[in-house]
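See structure below.
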Amino acid sequence: MQSERGFEYGVKHIISPMSGSVRDVLLSILDLNADEVDFLIHLGSIYLNHSRIADNVSVSSGDYLRVHTKPRRFPKGNVDFTKRIVFENDHFVVVNKVSGIPVHGSVDNIQENLQSYMEEVLKQKLYVTHRLDVPTNGLIVYAKTEEFQTAFNKLLIAREIKKIYRAKIEGHAPAQKILTHYMEPSPRAPKVLSHEPKDKWQECVLEILEVSEQPEHTELRIHLHTGRTHQIRAQLGYEKSPIIGDHAYGAEKRWDEEKIELTACELQFINPLTGESHHFII
């Protein structure tokens with residue numbers, strides 16, 4: 001039995017009519033061949049009773065399966081990820097992320113992401129400390145230990161990490177140097193903002209450090225004070241100064257690939273485990 005919910009974006013909700021392997025059950029129901037089912041298992045696109053599976057496990061009659069038959073793909077292409085390493089020590093690695101690849105696994109694909117690609121390069125497990133949007137490029141930190149991950153996250157909460165971004169925008173820069181908005185606490189995108197505080201809405205603060213007027217665009221250097229999802233994109237879009245290529249927030253669509261002119265160009269913090277000061281610029 002299948003639910004109609006989710007068919008338009010390739011998600012199938014299935015109550016298994018039989019016992020057997022996941023592959024056999026799905027081959028009996030869906031218009032997929034064995035190689036396609038095995039690939040979805042490999043990508044992490046199949047869930048059994050709400051838990052992601054990694055192998056061709058056994059299924060009982062009446063079990064619930066959720067299958068993402070059209071997972072978003074983020075192949076590595078011709079990127080040499082060894083050359084994306086900016087800095088590395090025993091505690092963490094700093095990577096210069098390319099546009100178009102997520103920082104970590106998604107609900108329908110745990111293989112094609114920067115974390116996974118860097119784990120292949122470094123031959124070790126990495127831990128996510130903070131995030132950049134898929135179309136954003138620039139500096140990202142992965143912890144090599146859970147201890148550093150926890151300590152780094154405490155720095156983020158305390159706003160003790162300086163994060164500078166470079167954004168190329170359409171039109172002119174906002175008049176104010178410090179932008180303060182409030183973001184609706186919703187997983188949906190694009191994000192909804194307000195100039196006025198609202199109950200449980202998240203404060204968003206960024207500071208425009210420099211404005212450079214170029215013949216075909218304006219370039220901003222931005223100090224991000226809070227780290228909300230899509231924050232810079234949403235705030236600049238709300239002020240009618242959208243980032244070039246950021247169609248979701250009001251800019252003209254420029255490219256087919258997921259790319260916008262936003263770069264995390266500077267990171268500065270003190271290693272909470274060693275006291276060593278770090279300052280990275282690209």
Side-chain angles (χ1 to χ4, degrees), residues 1-85 93 95-129 131-137 140 142-144 146 149 187 189 256-259:
M1 181 177 70
Q2 302 179 46
S3 165
E4 291 299 320
R5 182 167 57 92
F7 268 39
E8 70 278 5
Y9 52 92
V11 181
K12 316 295 188 184
H13 302 272
I14 299 166
I15 303 301
S16 178
M18 57 184 277
S19 296
S21 69
V22 166
R23 183 191 298 118
D24 289 341
V25 170
L26 296 183
L27 288 177
S28 72
I29 295 174
L30 300 179
D31 185 21
L32 297 172
N33 61 43
D35 288 342
E36 290 169 332
V37 172
D38 289 345
F39 184 68
L40 292 177
I41 293 173
H42 166 74
L43 275 188
S45 306
I46 300 176
Y47 292 74
L48 173 61
N49 296 325
H50 305 287
S51 295
R52 196 194 307 259
I53 64 171
D55 299 294
N56 184 31
V57 298
S58 296
V59 176
S60 298
S61 177
D63 280 348
Y64 168 63
L65 289 163
R66 186 175 86 240
V67 186
H68 296 260
T69 63
K70 298 178 182 178
R72 293 182 69 194
R73 301 296 309 282
F74 306 98
K76 63 175 67 174
N78 59 2
V79 178
D80 184 348
F81 287 95
T82 61
K83 295 181 179 178
R84 308 304 297 183
I85 298 174
V93 59
V95 180
N96 184 2
K97 175 187 174 299
V98 295
S99 300
I101 296 177
V103 166
H104 55 78
S106 58
V107 67
D108 58 2
N109 186 339
I110 59 169
Q111 298 295 337
E112 298 173 331
N113 58 79
L114 184 59
Q115 180 184 8
S116 178
Y117 294 146
M118 294 310 304
E119 287 176 342
E120 290 178 18
V121 168
L122 298 172
K123 310 300 183 188
Q124 72 171 99
K125 181 173 177 56
L126 298 176
Y127 302 87
V128 175
T129 62
R131 293 165 176 80
L132 294 175
D133 294 341
V134 170
T136 303
N137 67 85
I140 189 82
Y142 290 102
K144 289 187 172 182
E146 291 183 274
Q149 180 192 40
D256 290 333
E257 62 265 37
E258 290 194 72
K259 173 185 174 182

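Please read these numbers as outputs of a predicted model, since none were measured by experiment.
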(request) Could you tell me which residues satisfy salt bridge (Lys or Arg N to Asp or Glu O under 4.0 Å) with K76, sequence neighbours excluded, listed by chain and number? (result) E120
(message) I'd like to check the salt bridge (Lys or Arg N to Asp or Glu O under 4.0 Å) partners of R23; sequence neighbours left out, ordered by chain and number.
(response) D38
(request) Could you check I14 against L30 for side-chain contact (heavy atoms from CB on, under 4.5 Å), going step by step and ending with a plain yes or no? (result) CA-CA 10 Å; I14 299 166; L30 300 179; 4.1 Å; yes
(request) For R66 and V107, run side-chain contact (heavy atoms from CB on, under 4.5 Å): C-alpha distance rounded to whole Å, both residues' side-chain angles, the deciding distance at 0.1 Å, then the answer. (result) CA-CA 11 Å; R66 186 175 86 240; V107 67; 3.7 Å; yes
(message) To the nearest 0.5 Å, what is the distance between CG on L65 and OH on Y47?
(response) 13.0 Å
(request) Look at the side chain of S61 and the backbone N and O of S19, then say whether any donor-acceptor pair between them is shorter than 3.5 Å. (result) no
(message) Tell me every residue that passes side chain to side chain contact (heavy atoms under 4.5 Å, CB included) with S58, counting only those two or more places apart in sequence or in another chain.
(response) none
(request) If a pair satisfies salt bridge (charged side-chain N to carboxylate O under 4.0 Å, His left out) and one of its residues is in residues 54-63, list it, with sequence neighbours excluded. (result) none
(request) Would you confirm whether K97, through its side chain, and P102, through its main-chain N or O, come within 3.5 Å as a donor-acceptor pair? (result) no
(message) My understanding is that only residues two or more places apart in sequence, or in another chain, count here; which of them pass side chain to side chain contact (heavy atoms under 4.5 Å, CB included) with N109?
(response) L43, R73, F74, S106, Q111, E112
(request) Return the set of residues passing side chain to side chain contact (heavy atoms under 4.5 Å, CB included) with T82 (not counting sequence neighbours), or none when no residue passes. (result) D80, V121
(message) Is the shortest side-chain heavy-atom distance between L26 and L32 below 4.5 Å?
(response) no
(request) Determine the interplanar angle of the H50 and Y64 rings, folded into 0 to 90°, and report it as parallel if under 30°, tilted if 30 to 60°, perpendicular if over 60°. (result) tilted
(request) Taking the side chain as every heavy atom from C-beta outward, state whether V22 and N56 have any atom pair closer than 4.5 Å. (result) yes
(request) Any chance you could measure K12, atom NZ, to L40, atom CG, to the nearest 0.5 Å? (result) 11.0 Å
(request) Mind checking side chain to side chain contact (heavy atoms under 4.5 Å, CB included) for N33 and listing every partner two or more places apart, or none if nothing turns up? (result) D35, E36
(request) Please tell me if the side chains of T69 and D31 come closer than 4.5 Å, counting only heavy atoms from C-beta onward. (result) no
(message) Between Q115 (side chain only) and L126 (backbone N and O only), is there a donor and an acceptor less than 3.5 Å apart?
(response) yes
(message) Taking side-chain hydrogen bond (donor to acceptor under 3.5 Å, both in side chains) as the definition, give me every residue that meets it alongside N113, ordered by chain and number, with sequence neighbours left out.
(response) none
(message) Once salt bridge (Lys or Arg N to Asp or Glu O under 4.0 Å) is applied, do any residues pair with E258, and if so which ones, sequence neighbours excluded?
(response) R72
(message) Measuring only between side-chain heavy atoms, which start at C-beta, is P17 closer than 4.5 Å to I29?
(response) yes
(request) Provide the full list of ring pair (Phe, Tyr, Trp, His ring centres under 6.0 Å) pairs with a residue in residues 98-119, sequence neighbours left out, each pair given once. (result) F81-Y117
(message) Can you list everything that forms a side-chain hydrogen bond (donor to acceptor under 3.5 Å, both in side chains) with K144? Sequence neighbours excluded, please.
(response) E88
(request) Would you check if M118 and I85 make a side-chain contact, meaning some heavy-atom pair closer than 4.5 Å? (result) yes
(request) For residues D108 and S45, report the shortest heavy-atom separation together with the two atoms involved. (result) O-OG, 2.7 Å
(message) Treating Y142 as the side-chain partner and E119 as the backbone partner, does any N or O pair qualify as donor plus acceptor under 3.5 Å?
(response) no
(request) Report yes or no: does R52 contribute a side-chain atom to a donor-acceptor pair with the main-chain N or O of G44 at less than 3.5 Å? (result) yes
(request) Kindly write out the residues that satisfy salt bridge (Lys or Arg N to Asp or Glu O under 4.0 Å) with D24, not counting sequence neighbours, or none if the list is empty. (result) none
